[in-house]
Amino acid sequence: MGYDTQPKASHFVDGQYIEDTSGAVMEVVYPATGAVIARLHEATPAIIEKAITSGRRAQAEWAGMMGVERGRILRRAADIMRERNYDLSVLETHDTGKPMSETLYVDATSGADALEYFGGLAGSLTGEHVPLGGDWGYTVREPLGLCVGLGAWNYPTQIACWKGAPALACGNAMIFKPSETTPLCALKVAEILHEAGLPAGLYNVIQGAGDVGRALVGDERVDKVSLTGSVPTGKRVYASAAEGMKHVTMELGGKSPLVVFEDADLDNAVGGAILGNFYSTGQVCSNGTRVFVHKSIKEAFLKRLAERLGSAKIGDPLDETVNFGPMVSSSQRDIVLDYIAKGKAEGARLVCGGSVIAGDGFYIQPTVFADVTDDMVIAREEIFGPVMAVLDFEDEADVIARANNTEYGLSAGVFTRDISRAHRVIGQLQAGSCFINSYNDAPVELPFGGSKLSGVGRENSKTAIEHYSQLKSVYVRMGDVEAPF
Ligand SMILES: NC(=O)c1ccc[n+]([C@@H]2O[C@H](COP(=O)([O-])OP(=O)(O)OC[C@H]3O[C@@H](n4cnc5c(N)ncnc54)[C@H](O)[C@@H]3O)[C@@H](O)[C@H]2O)c1
Ligand SMILES: O=CCc1c[nH]cn1
């Protein structure tokens, strides 16, 4: 069948596509060519109001349904997503520029995993019985109410599902606002959920940039906000949510360390560094962009890395043999080019890449800097593009201290054949999502999220249930009440 990149309308609210052409025009640009592939409108106050009122109305009934019934709908949506994986992957590629060699295996499939996993859990979200001598108590797990999801542009389908699936499983409604850069995929998630039987109003998608997000976060009828985005946005959204004492999940940025010891399997370590720096053209929050390599193997590591980067197939992301696509936008590419210039100016050694690739799309070469020192800007700030910084180390305690010397704490990885060292080092690294002899795996069964400035709360796994529900405690007295007077 194939999806049209121009959706029927900009927003999906109360079970149907709706439009309000008085909202500012948003042009959707295909990163591989620079062509405009859709025109949408930002949500107006009227659209925002409809999303909130329909969400609240629908949530009250949804919360009263049995968990297994809610779960059945989510699992049906997962099946539909898997059936439509090809078309969803083509759309994801148009939205983001990520190559089909990735989107076919990661995006809708990861979204379907979340729907399936939380659909499976929905029937088991119970409280507990607490014996209290002659009396007893019990807890009831209740939904939070109306949740708002705010998405980043790197994984539009995955983010829409990672937030929507646990929210709905717990009996909440969700209004999801995708990134203004990649607004197309979440509309398909909403369509599929409703096709699977989700009652109207429970998963509304509305479009817009920061202003629309701000209006949602500031509305007193919203009970929870889950943001995937940058640290500066996270600080603003967290502060605004705090005004209304709303629940929050913050999935923010990082500058994560990947430590390669001298006994590591070299090709596996190089593979991990490639996955942690160049997958999705480097636009992954958890990327291990500070690669600490033991001095004794540094040159061998760099040689093998340069060889393997030489075989990257850069090009049309719709060609399934291509494995490195464009950046999401020209402005993001400019940010990355600016960092590359800073790396050169600060005296880092450019091992490979460093330039744009001529043409209409937003391509840039996979770039590796060596001899990077801790104080350089490219070792301190999140670049969110295909730029790897390789730093030397010789001592375990020293590299742990240097790896932790950052305000971020999203991810960390270690490559070594010494299993004791692997666990000892990971145990001391300050990060929420860690990897041993691997990098960037994000299965739905494991919690995902950061510490320090990288975030609050966790997505995925049973832990996410804690972030989309709350417990009511009930004390039951079996005898008479003894009052003092
Ligand atoms: N930890 C994670 O899971 C994760 C995953 C993907 C991306 N990220 C991070 O996201 C960033 C890149 O994405 P981005 O550029 O889209 O992030 P961003 O912070 O610019 O925007 C994120 C979302 O917040 C919205 N927004 C912006 N200002 C707002 C405000 N004041 N109130 C409410 N909403 C507002 C945007 O419209 C967008 O939908 C990187 O820092 C990356 O590390 C984190
Ligand atoms: O971009 C961050 C979320 C993520 C990590 N791996 C896959 N998705």
* Derivation and outcome, side chain to side chain donor-acceptor pair (under 3.5 Å), residues R458 and T463 -> CA-CA 7 Å; R458 293 289 180 270; T463 307; over 6 Å; no
* Between R82 and D79, is a salt bridge (charged side-chain N to carboxylate O under 4.0 Å, His left out) present by the stated rule, with each step listed? -> CA-CA 5 Å; R82 289 194 208 288; D79 291 343; 5.2 Å; no
* Start with the C-alpha gap between E27 and R39, add the side-chain angles, then the distance that decides, and say whether salt bridge (charged side-chain N to carboxylate O under 4.0 Å, His left out) holds. => CA-CA 5 Å; E27 286 191 335; R39 283 190 176 77; 3.1 Å; yes
* To do: With side chain to side chain contact (heavy atoms under 4.5 Å, CB included) as the test, would you mind laying out the steps for S54 and V13 before giving the verdict?
  => CA-CA 8 Å; S54 66; V13 175; 3.8 Å; yes
* Go through D107 and S89 one step at a time and tell me if the side chain to side chain donor-acceptor pair (under 3.5 Å) criterion holds. => CA-CA 7 Å; D107 295 279; S89 303; over 6 Å; no
* **Step-by-step side chain to side chain contact (heavy atoms under 4.5 Å, CB included) determination, S461 to V444** => CA-CA 6 Å; S461 79; V444 69; over 6 Å; no
* To do: Check the pair K246 / E243 against salt bridge (charged side-chain N to carboxylate O under 4.0 Å, His left out), numbers first and verdict last.
  => CA-CA 8 Å; K246 298 180 202 303; E243 287 290 314; over 6 Å; no
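Using a 4.5 Å cut-off on side-chain heavy atoms (C-beta onward), P317 and P326 make contact. Residues E128 and Y138 fail the side-chain proximity criterion, which asks for heavy atoms closer than 4.5 Å. The side-chain heavy atoms of C161 and L115, taken from C-beta on, include a pair separated by under 4.5 Å. W136 is not listed as a side-chain neighbour of P131, based on a closest heavy-atom distance of 4.5 Å or more. Looking at heavy atoms from C-beta onward, L121 lies in side-chain contact with I465 at the 4.5 angstrom threshold. Here the side chains of L198 and R70 are not in contact, with every heavy-atom distance at 4.5 Å or above. The shortest distance between side-chain heavy atoms of L446 and N460 does not fall below 4.5 Å. At a threshold of 4.5 Å between non-hydrogen side-chain atoms, the residues M26 and P183 count as touching.
Geometric assessment of K313 against the ring of F324 yields a negative cation-pi assignment under the 6.0 Å and 45° thresholds. Geometrically, K462 does not engage Y117 in a cation-pi contact, judged by NZ or CZ lying under 6.0 Å from the ring centre and within 45° of the ring axis.
Of the inter-residue distances, the one linking Q158 atom CD with T109 atom OG1 reads 8.5 Å to the nearest 0.5 angstrom. Atom CD of E102 is separated from atom OG of S280 by 4.0 Å, given to the nearest 0.5 angstrom. Atom CE in M327 sits 12.5 Å away from atom OH in Y363 (nearest 0.5 Å). Note that SG of C185 is 10.0 Å distant from NZ of K188, once rounded to the nearest 0.5 Å. I274 CD1 to Y439 OH: the interatomic distance, rounded to the nearest 0.5 Å, is 14.5 Å. Note that the OG atom of S240 and the NZ atom of K235 stand 16.0 Å from one another [nearest 0.5 Å].
For the residue pair D20/T44, the side-chain donor-acceptor check at 3.5 Å is satisfied. There is a side-chain donor-acceptor pair under 3.5 Å between Y475 and D135. A side-chain donor-acceptor contact under 3.5 Å links N440 and N287. Between the side chains of T249 and Y468, no donor-acceptor pair is found at a separation under 3.5 Å. Residues S10 and E19 have side chains that bring a donor and an acceptor to within less than 3.5 angstrom of each other. With 3.5 Å as the limit, one finds a donor-acceptor pair spanning the side chains of Y339 and E381.
With D95 contributing its side chain and P156 its backbone, the two residues share no donor-acceptor pair below 3.5 Å. Between the side chain of E320 and the main chain of M100, no donor-acceptor pair closer than 3.5 Å is present. Checking side-chain atoms of K98 against main-chain N and O of N154 turns up a donor-acceptor pair under 3.5 Å. No donor-acceptor distance shorter than 3.5 angstrom exists from the side chain of T289 to the backbone of K255, with no hydrogens or angles considered. Between the K50 side chain and the D14 main chain, no donor and acceptor come within less than 3.5 Å of each other. Panel note: side chain D87, backbone R84; no donor-acceptor pair is recorded below 3.5 Å. Remark: side-chain polar atoms of T281 are not paired, donor with acceptor, to backbone N or O of Q283 under 3.5 angstrom. Remark: side-chain polar atoms of H41 are paired, donor with acceptor, to backbone N or O of G23 under 3.5 angstrom. Looking only at distances, a side-chain donor or acceptor of N172 sits under 3.5 Å from a matching main-chain atom of L144. In this structure, the side chain of S454 engages the main chain of G253 through a donor-acceptor pair within 3.5 Å.
Atom CD of E61 sits in a sparse spot, with 12 or fewer heavy atoms from other residues, nucleotides or ligands closer than 6.0 Å. Around the CG atom of D441, the shell of radius 6.0 Å holds more than 12 heavy atoms that belong to other residues, nucleotides or ligands. Crowding of Y17 atom OH: a count of heavy atoms from other residues, nucleotides or ligands under 6.0 Å exceeding 12.
Ring pair F176/Y203 is parallel by interplanar angle, where below 30° counts as parallel and above 60° as perpendicular. Taking the six-membered ring where the residue is Trp, Y30 and H94 present tilted rings, their angle falling between 30° and 60°.
Listed here is the closest heavy atom pair of G55 and A173: O-CB, 3.4 Å. Heavy atoms only, all atoms of each residue included: A167 and C147 are closest at CB-SG, 4.4 Å. Taking every heavy atom of both residues into account, P257 and S411 meet most closely at CD-O, 3.3 Å. Closest of all the heavy-atom pairs between C285 and L252 is CB-O, 4.1 Å. Shown here for A160 and V189, the closest heavy-atom pair between the two residues is CB-CG2, 4.2 Å. When all heavy atoms of I48 and A215 are compared, the pair lying nearest together is CD1-CB, 4.0 Å.
Salt bridge present: R221 and E49 bring a charged side-chain N and a carboxylate O closer than 4.0 Å. Look at K452 and E407 and you find no salt bridge, because none of the NZ, NE, NH1 or NH2 atoms lies under 4.0 Å from a carboxylate O. Comment: R141 engages E466 in a salt bridge, judged by a side-chain N to carboxylate O separation of less than 4.0 angstrom.
Considering T157, T103, T182 in turn, T157 is the only one that fulfils the side-chain hydrogen bond (donor to acceptor under 3.5 Å, both in side chains) rule with E92.
W162 has its ring centre less than 6.0 Å from the ring centre of F448.
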